[in-house]
There are 4 protein chains.
Amino acid sequence: MNTIGHLINGKTVANDPRQQDVINPSTNEVIGRVSLASQATVEEAIAAAEAAYPAWRDLPPIKRARIMYRFKDLLEQNADKICEMITREHGKVLNDAMGELQRGIENVEYACGVPELLKGEHSKNVGPAIDSWSEFQPLGVVAGITPFNFPAMVPLWMWPMAVACGNAFILKPSERDPSSALYIAELGIEAGIPAGILNVVNGDKEAVDTLLTDKRVQAVSFVGSTPIAEYVYTTGNANGKRVQAFGGAKNHAIIMPDADLDNAVSALMGAAYGSCGERCMAISVAVAVGDDTAEALIEKLKERIAALKIGDGMDNSNDMGPVVTRQQLEKIEGYIAKGIEEGAELVVDGRGLKVPGFEDGNYLGACLFDKVKEGMVIHAEEIFGPVLCVMRVDSMQEAMEIIDAHEYGNGTCLFTRDGEAARYFSDNIKVGMVGINVPLPVPVAFHSFGGWKRSLFGDLHAYGPDAVRFYTKRKTVTQRWPASGVREGAQFNFPSNG
Amino acid sequence: MNTIGHLINGKTVANDPRQQDVINPSTNEVIGRVSLASQATVEEAIAAAEAAYPAWRDLPPIKRARIMYRFKDLLEQNADKICEMITREHGKVLNDAMGELQRGIENVEYACGVPELLKGEHSKNVGPAIDSWSEFQPLGVVAGITPFNFPAMVPLWMWPMAVACGNAFILKPSERDPSSALYIAELGIEAGIPAGILNVVNGDKEAVDTLLTDKRVQAVSFVGSTPIAEYVYTTGNANGKRVQAFGGAKNHAIIMPDADLDNAVSALMGAAYGSCGERCMAISVAVAVGDDTAEALIEKLKERIAALKIGDGMDNSNDMGPVVTRQQLEKIEGYIAKGIEEGAELVVDGRGLKVPGFEDGNYLGACLFDKVKEGMVIHAEEIFGPVLCVMRVDSMQEAMEIIDAHEYGNGTCLFTRDGEAARYFSDNIKVGMVGINVPLPVPVAFHSFGGWKRSLFGDLHAYGPDAVRFYTKRKTVTQRWPASGVREGAQFNFPSNG
Amino acid sequence: MNTIGHLINGKTVANDPRQQDVINPSTNEVIGRVSLASQATVEEAIAAAEAAYPAWRDLPPIKRARIMYRFKDLLEQNADKICEMITREHGKVLNDAMGELQRGIENVEYACGVPELLKGEHSKNVGPAIDSWSEFQPLGVVAGITPFNFPAMVPLWMWPMAVACGNAFILKPSERDPSSALYIAELGIEAGIPAGILNVVNGDKEAVDTLLTDKRVQAVSFVGSTPIAEYVYTTGNANGKRVQAFGGAKNHAIIMPDADLDNAVSALMGAAYGSCGERCMAISVAVAVGDDTAEALIEKLKERIAALKIGDGMDNSNDMGPVVTRQQLEKIEGYIAKGIEEGAELVVDGRGLKVPGFEDGNYLGACLFDKVKEGMVIHAEEIFGPVLCVMRVDSMQEAMEIIDAHEYGNGTCLFTRDGEAARYFSDNIKVGMVGINVPLPVPVAFHSFGGWKRSLFGDLHAYGPDAVRFYTKRKTVTQRWPASGVREGAQFNFPSNG
Amino acid sequence: MNTIGHLINGKTVANDPRQQDVINPSTNEVIGRVSLASQATVEEAIAAAEAAYPAWRDLPPIKRARIMYRFKDLLEQNADKICEMITREHGKVLNDAMGELQRGIENVEYACGVPELLKGEHSKNVGPAIDSWSEFQPLGVVAGITPFNFPAMVPLWMWPMAVACGNAFILKPSERDPSSALYIAELGIEAGIPAGILNVVNGDKEAVDTLLTDKRVQAVSFVGSTPIAEYVYTTGNANGKRVQAFGGAKNHAIIMPDADLDNAVSALMGAAYGSCGERCMAISVAVAVGDDTAEALIEKLKERIAALKIGDGMDNSNDMGPVVTRQQLEKIEGYIAKGIEEGAELVVDGRGLKVPGFEDGNYLGACLFDKVKEGMVIHAEEIFGPVLCVMRVDSMQEAMEIIDAHEYGNGTCLFTRDGEAARYFSDNIKVGMVGINVPLPVPVAFHSFGGWKRSLFGDLHAYGPDAVRFYTKRKTVTQRWPASGVREGAQFNFPSNG
């Protein structure tokens with residue numbers, strides 16, 4: 001049985017007494033055991049990070065960037081291996097894992113540009129012969145706590161930039177699918193990141209709480225559910241840390257009467273059912289403007305759902321794999337039952353799906369609800385499963401009010417051909433990431449990721465330019481030089497050193 | 001008796017039952033009464049702000065900037081009046097009040113540039129025919145809570161930029177010297193800020209707590225002592241707000257053997273005793289490298305202190321006015337007694353000063369301690385009075401270790417002629433604002449202000465570029481357009497929807 | 001008779017032997033005489049500028065900016081007087097002069113932000129303990145040569161930013177309407193610009209050639225016709241100067257079948273006939289996609305043209321004033337005759353207009369051609385008069401090919417509601433300034449102005465961020481400090497100075 | 001015999017009738033023949049570039065960047081081969097060739113960040129509901145003409161960024177050492193640059209003139225001597241192109257009395273004699289402040305020169321190889337004779353050096369002149385050989401006046417420990433690239449390279465941020481949308497146009 005340990009100070013360690021099963025969601029077989037770090041183990045990682053930090057901080061940024069170039073190459077060379085790890089532990093189809101990894105690699109590419117990104121502002125003559133400039137210095141030891149749904153990508157949102165900025169990093173990946181993050185970190189070490197600068201600790205609440213309370217940890221980045229995000233944010237802040245904590249979502253797409261409907265439906269299929277909807281940017285609500293639009297939309301979605309191929313993620317011909325855990329499957333089924341009970345119309349029922357050869361897997365077919373209304377639990381809460389809710393409204397304004405009233409404000413999308421509608425929507429909607437005819441408006445790696453309202457706790461977004469700000473602190477230097485120095489003639493008997 | 005009220009929705013209001021005396025520190029006479037806002041009064045201001053916000057947000061930034069230009073003119077035209085208000089309630093010498101106001105005006109000037117500062121990043125072709133850009137949108141209703149020591153400047157750090165960015169603002173100034181902030185806000189309204197966009201509530205903990213807990217307030221900026229800063233930060237965060245909270249300081253200057261000593265002493269006199277040392281950027285510790293340096297430094301300081309002129313702030317020939325309150329005076333005197341008790345050498349004793357004609361004022365002469373050591377209370381804590389501590393060390397390294405070990409990390413300064421020493425110091429010292437031969441390295445208005453360690457809670461610094469980020473949130477739009485539109489010939493019978 | 005002289009070294013000078021009449025285009029009366037600077041006079045201005053430059057260069061940018069704030073106030077206070085000067089010498093309606101001046105003031109506002117705009121890039125540790133930064137230093141003495149059609153605005157595009165960046169400036173305005181530029185420069189001096197830093201020389205080719213060849217002039221900005229722009233560019237370059245030279249234009253608007261036609265027609269009326277079409281951003285060609293669009297467009301334009309009120313510019317109830325000179329009027333009439341001869345259909349003929357009370361003025365009514373084709377002279381050349389040409393095409397592609405094939409590439413506009421069409425057009429059209437439903441897409445002052453193809457000679461655009469680059473040169477400093485300095489213990493017997 | 005051809009449209013071509021010998025400077029043996037492109041051959045390359053351009057322009061920048069990452073890997077994998085090509089044709093020692101190549105690779109790294117670097121500025125609400133943004137679009141077909149002294153690096157300054165920005169490129173390397181540039185371009189094609197996007201034409205004046213006059217070429221970057229740079233600049237400009245042309249240099253180092261002299265001498269040895277002084281950033285003049293400084297400097301230099309090892313570049317134990325050509329050797333010897341004749345003191349005479357086994361090579365030992373004065377030819381002109389001139393002055397001011405009076409303003413350096421001297425020097429010296437204790441202040445790849453005065457013709461510097469501006473042109477879009485569109489309810493029967 002494969003035991004998944006920690007990476008501390010450049011070495012693999014797995015001597016914690018507590019362990020937990022790692023399970024293949026396609027079969028529910030136990031495929032490994034993951035060590036759960038004790039407080040002492042986490043403190044060992046923190047100590048290693050703190051020891052390695054000063055030399056790393058002083059290395060010219062271009063040297064740190066060079067390691068990122070090598071790391072990118074190693075990720076590309078080992079992409080298949082990484083994706084198999086993801087699929088085996090998470091369940092998503094290999095192609096989808098590759099998409100995830102590619103997004104992660106793009107963050108490594110952005111970190112390669114850190115010499116440019118760390119440039120400070122320089123002002124001559126802020127006063128007579130006085131100059132001033134800002135520097136963006138690393139924080140020291142920083143930590144990241146990442147979720148199960150993107151086991152490779154979300155760690156790559158965080159540590160490459162943190163490390164490229166000169167910090168030492170401790171990653172705590174999800175204990176459900178920890179292998180890819182650990183292996184990727186090993187590739188980082190292989191690329192040249194010094195021992196101690198990048199550490200991985202697997203674990204649960206004990207590990208998390210140690211990271212949140214240890215005074216040596218300067219900052220924490222978190223991605224997960226909103227209640228935990230809030231806990232991480234307030235606990236970390238109370239312990240003197242800089243924190244950014246990304247939480248849940250309920251992303252709505254509005255379909256206007258003038259939309260290119262075929263395009264919109266294609267887009268929604270991927271956005272709603274890709275990776276079983278286990279994405280914080282998944283579209284889980286489609287808001288159709290006008291009943292004609294709604295009818296046409298439902299018809300086209302039904303056709304497309306009927307053609308979906310669901311099965312083991314190792315087979316790239318499948319469109320969708322299993323849900324991550326049995327527990328999560330049951331939770332989703334509970335939401336479906338609740339939706340029916342609340343009066344929504346279950347147009348397509350994906351429950352009861354059996355995949356031949358994978359009868360014990362956590363499988364669920366795509367589900368489609370029509371006539372979902374505000375106030376229903378299936379609208380208020382994040383289901384995190386392959387369930388798309390259609391709502392019907394009479395105007396774009398009504399659709400926008402539904403979105404603005406929702407607790408979450410991560411992503412949203414408008415399907416239209418009309419420039420004015422697009423501009424009004426993107427300007428006014430209270431959501432951090434907005435797509436116009438783009439269903440998953442995840443910003444590219446050279447922009448930054450972040451929702452509004454209770455989807456994000458913190459000022460600065462993830463990756464992109466904001467990550468540089470999050471992983472550094474500003475220092476402002478103001479400098480003048482006394483006159484009557486060497487330049488003005490005192491120089492001929494100065495200095496007397498010898 | 002003059003009653004100082006609130007400015008809510010463009011009108012002056014003063015009907016709260018609770019009031020507090022406002023006292024002239026030069027005489028200890030009561031010169032006014034300030035209304036203390038109840039929760040209901042603060043909520044009225046919040047409601048006014050929320051109502052005024054949408055129209056202001058939609059106004060083109062250049063229109064908002066134009067109001068800032070007019071506001072700058074009004075501040076300059078009314079500068080004498082404002083400075084008299086400051087001196088009467090705070091005690092600082094008029095010239096010093098003028099310096100404070102000038103720094104505040106510079107922040108208004110920076111806010112005039114808001115059309116430039118709000119520019120977002122635009123990327124063509126993040127994918128095929130897909131564009132993406134970021135916008136920095138205002139937050140909504142935001143609040144500022146400001147301290148007694150810079151009653152005009154610190155409010156001007158905050159609200160002009162917040163308002164120029166499109167927010168509605170509620171200011172709670174210090175209740176000890178509230179008049180100048182209120183009058184300045186009235187000038188803002190006169191300049192054209194709409195009613196409701198800029199509100200002032202005077203008050204105490206009840207007002208503060210209302211601002212910190214009301215869900216409609218999106219963000220809070222605070223400047224004050226570290227314990228309150230921490231309370232504001234954690235309370236505001238727990239209530240879903242963005243917070244930046246600036247706390248206390250203990251700023252050290254290192255004097256190197258090669259320093260231009262006359263220049264250093266001149267600089268230290270102003271930095272230590274200006275405004276009675278009641279500045280978060282005051283130099284309160286001078287660390288001399290080498291005993292020769294220390295001896296020379298002490299001699300020159302004694303000479304200069306002997307020449308200091310102390311008296312009523314309305315007389316510009318004075319160098320230093322009274323301490324802000326009787327209570328603060330007693331607290332400082334307690335520190336002096338404690339320092340003597342701990343074994344520091346009180347080289348100059350300013351206690352017992354009586355200013356003719358102002359015998360009841362809170363007067364204290366400049367004090368100078370030699371041989372202060374780490375571990376003494378007068379080194380560990382912020383005295384906030386005209387007390388300069390000299391420490392003696394054998395090397396620059398030792399001096400830097402003292403600074404780095406201190407709880408606070410606001411400002412610091414090195415006096416030297418040597419390029420290498422300056423570079424090493426500014427690179428490595430764990431302080432946010434660093435001066436090289438500049439004793440008060442307060443960044444100019446187009447840079448940003450912020451300390452490290454327990455001098456600042458939050459990610460983003462005050463004023464300058466960071467203020468733009470603090471008072472806005474990033475929205476990222478990703479856009480593509482469906483083909484087969486009007487351009488490609490379908491236009492003549494377009495759209496055929498029905 | 002009013003003699004308009006030069007402003008040299010802070011003094012008005014008018015002793016050149018050569019002079020030229022200044023004429024009111026509404027009456028053709030001589031209203032003044034303008035001095036034409038000899039080479040010696042221009043050299044005097046250059047010498048004054050060179051002498052004043054070093055002190056100005058060393059003044060902190062914020063001090064230079066403060067003068068710009070005062071200058072903005074003076075412009076606003078004297079706006080009516082300036083606009084009357086413009087109207088009297090140029091002919092445009094007062095309201096239109098006010099619009100021009102307002103655009104000019106916006107450039108002054110942008111120059112107020114010069115402390116922010118001059119920030120250089122600072123990199124720590126480009127190598128071990130090596131830092132590097134860039135500074136944008138002023139050039140020295142620079143010159144501007146400006147056209148008759150915006151006598152106040154175009155000078156304000158240039159010198160406020162040049163001067164704010166630390167340069168000394170010599171302006172040569174158009175000799176046809178020189179008064180407003182001279183008066184505005186006097187206001188600059190009144191605002192605090194030192195004598196010698198801002199000079200105005202009136203003149204003709206002798207003055208221009210002196211500026212283009214004198215070695216002390218570091219850079220020249222020019223706005224005028226393309227042949228002169230090209231001459232200025234190559235002559236200035238051959239004499240070692242940095243040059244940007246803005247030339248002619250032929251700006252097309254495309255009207256799509258889905259456009260909001262009422263809006264488009266309103267927009268076109270102002271863009272084609274405002275200021276008699278004497279604007280380098282005027283729309284002189286409307287390209288209608290589809291004959292239905294063309295017919296509807298022509299009908300609506302005819303109605304609106306019939307309602308145009310033409311007369312003396314001092315009367316704000318007029319929509320259009322006279323053409324600038326008799327010679328220019330005849331040139332336009334020649335183009336109209338040529339258009340008829342070439343087979344274009346003159347739908348509205350504005351020739352022969354007599355304005356009661358101003359019978360000797362250079363008046364011409366609005367003219368509208370239909371069925372203009374590529375190859376016609378009235379399409380190939382810039383008419384610079386109130387003549388709008390309508391072209392008819394079958395597709396947007398065809399319209400874009402016409403625009404791309406034209407010699408000029410200054411501005412263009414698309415009227416549509418369709419997001420895809422707008423994106424395709426703005427991406428692909430070979431024109432520097434693009435409007436979507438905006439007929440005069442003159443960038444605002446915090447962006448930059450510049451055409452493509454033969455509308456601009458030079459790399460950098462006018463005003464906005466590019467102006468900062470044009471009026472400064474980059475200096476890059478790379479710095480390391482030798483070890484074994486004062487910091488490391490040699491300090492105790494160092495320095496031996498006294 | 002190896003024939004070196006062209007790379008046109010992805011294929012190697014070598015059918016021009018005219019050829020020229022390529023010679024090993026260490027032996028003066030002919031080691032190859034290079035094709036000299038006719039006008040027709042160059043036009044073929046231009047046509048290929050123009051045809052390939054549109055598709056490349058439309059590729060998302062991140063896709064273009066990915067090719068740069070692969071190209072970097074290929075350069076690193078083939079570094080030894082490239083360096084051998086350089087040494088064989090140019091003569092420099094292999095280690096030095098590797099340094100050159102490394103600098104070139106850093107420019108490729110910077111080009112990898114092009115998605116970040118191409119970001120434009122986006123402004124919401126420049127007017128009511130009007131947005132405006134700038135895009136930096138590629139130019140089309142652009143060309144580079146590069147010198148013999150950095151046959152690999154200078155091409156890498158140019159084309160990777162030009163190509164990454166979306167342009168098609170034609171490189172004309174030096175015909176004396178063309179192999180490495182050609183091979184590197186082949187690696188670019190191997191990395192994925194499409195055929196036609198990157199072309200190499202070898203040749204002489206015919207090729208250059210074709211590039212300078214063909215209307216399809218939009219821009220030219222040139223590095224070489226000042227007379228040719230000026231010719232390229234004016235000819236290119238007269239033909240409607242954007243041009244930047246980098247010319248000659250005479251770089252002075254000032255040695256202050258307080259300098260760390262051992263460090264300064266080490267630095268000078270490499271800066272004066274590295275690559276035989278055939279570098280535009282070589283230090284060719286050392287200005288000693290004070291006779292004591294001069295004497296000490298000369299003594300130490302003599303010692304170090306005596307230890308220099310000179311010989312074939314393939315042997316990495318050598319410090320210096322041969323001069324590039326026999327003709328160049330004779331020119332340098334002419335300068336030495338002239339210097340003696342003018343009265344300078346030849347302290348070390350490197351003439352007459354014979355390297356065993358390489359007796360026919362272009363060898364010259366290091367030469368050192370003392371007491372060089374302004375007005376001497378060896379000070380006025382660029383020698384481009386291993387000849388260091390020492391000048392003696394009495395003050396730093398005098399040294400700076402010498403530098404400022406010189407025709408060239410490329411690089412300069414000050415050796416001191418004094419912060420004030422460094423600041424005064426870097427602020428005031430009229431040179432574009434300034435070192436403080438850094439003898440070759442070549443900016444790193446993420447800053448930009450450029451001299452002042454007659455060392456550079458053009459506004460924008462080479463590589464770094466300025467290269468992005470040089471290889472793109474600004475387009476500014478201003479956009480508003482008509483109301484009454486799909487959003488406002490007209491959508492259900494919209495549009496009714498027909």
Side-chain angles (χ1 to χ4, degrees), chain B residues 60-62 65-66 69-70 72-73 76 106 109-110 112-119 124-125 129 131 256-259 289-290 292-293 394-397 400 416-425 427 444-447 464-465 479-489 491-492 494-495, chain C residues 60-62 65-66 69 72-73 76 106 109-110 112-119 124-125 129 131 256-259 289-290 292 394-397 416-425 427 444-447 464-465 479-495 497:
Chain B
I62 201 166
R66 293 259 161 74
Y69 284 95
R70 285 196 289 275
K72 167 180 151 72
D73 286 347
E76 289 171 342
E106 290 174 14
E109 290 172 348
Y110 194 65
C112 290
V114 79
E116 175 72 15
L117 302 171
L118 283 176
K119 283 178 178 173
K124 277 287 290 287
N125 286 322
D131 303 332
M256 294 293 284
D258 74 335
V289 178
D292 290 356
T293 307
D394 288 332
S395 69
M396 181 166 144
Q397 194 61 37
M400 287 175 66
T416 186
R417 293 172 187 277
D418 188 84
E420 198 274 341
R423 201 270 180 196
Y424 183 86
F425 177 73
D427 183 24
V444 288
F446 45 102
H447 284 260
Q479 181 170 281
R480 67 177 285 279
W481 291 104
S484 307
V486 66
R487 181 173 63 85
E488 286 159 353
Q491 68 267 34
F492 296 104
F494 164 84
Chain C
I62 201 167
R66 294 260 160 75
Y69 285 96
K72 167 180 150 74
D73 286 347
E76 289 171 343
E106 290 173 14
E109 290 172 348
Y110 194 65
C112 290
V114 79
E116 174 73 14
L117 301 171
L118 283 176
K119 283 178 178 173
K124 278 289 288 288
N125 287 321
D131 304 332
M256 294 293 283
D258 74 334
V289 177
D292 290 356
D394 288 333
S395 70
M396 181 167 145
Q397 194 60 37
T416 186
R417 294 172 187 276
D418 187 83
E420 197 274 341
R423 202 269 178 194
Y424 183 86
F425 178 74
D427 183 24
V444 288
F446 44 103
H447 285 259
Q479 182 170 280
R480 65 176 287 278
W481 292 103
S484 308
V486 66
R487 180 172 63 86
E488 286 159 354
Q491 69 266 33
F492 295 104
N493 60 344
F494 169 85
N497 277 342

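In what follows, every chain begins at residue 1, and chains take the letters A, B, ... in the order their sequences are listed. These numbers were taken from a predicted model, which means no experiment stands behind them.
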Original post:
Which answer fits C/Asp292, side chain, backbone, both or neither, if we ask what part of it has an atom under 4.5 Å from a heavy atom of chain B?
Top reply: neither
Subject >> Cation-aromatic face contact B/Lys72/C/Tyr69, 6.0 Å, 45 degrees >> reply: yes
**OP:** Look at B/Cys112, B/Ala422, B/Gly419 and state which one has the largest set of heavy-atom pairs under 4.5 Å with chain C.
**Re:** B/Gly419
Subject >> Minimum-distance pair of heavy atoms, taken over all atoms of B/Glu420 and C/Ala483 >> reply: CG-CA, 4.3 Å
**OP:** For each of B/Ala65, B/Pro115, B/Gly113, tally heavy-atom pairs with chain C at distances under 4.5 Å, and name the one with the top tally.
**Re:** B/Pro115
**OP:** Answer whether the closest heavy-atom distance between the side chains of B/Val444 and C/Ile62 falls below 4.5 Å.
**Re:** no
**OP:** Applying ring pair (Phe, Tyr, Trp, His ring centres under 6.0 Å), name anything that partners C/Tyr424, two or more places apart in sequence or on another chain.
**Re:** none
Original post:
When only pairs under 4.5 Å are counted, which of B/Thr293, B/Asp131, B/Thr416, B/Leu117 shares the most heavy-atom pairs with chain C?
Top reply: B/Asp131
Original post:
C/Arg480 versus chain B, heavy atoms under 4.5 Å apart: side chain, backbone, both or neither?
Top reply: neither
Original post:
Is it the side chain or the backbone of C/Ala129 that comes within 4.5 Å of chain B heavy atoms, both, or neither?
Top reply: both
**OP:** Let me know if C/Glu109 has heavy atoms under 4.5 Å from chain B in its side chain, its backbone, both or neither.
**Re:** both
Subject >> Set of residues satisfying salt bridge (charged side-chain N to carboxylate O under 4.0 Å, His left out) with respect to B/Asp427, sequence neighbours excluded >> reply: A/Arg57, B/Arg423, C/Lys124
Subject >> Side chain / backbone / both / neither for B/Arg70 at chain C, heavy atoms under 4.5 Å >> reply: neither
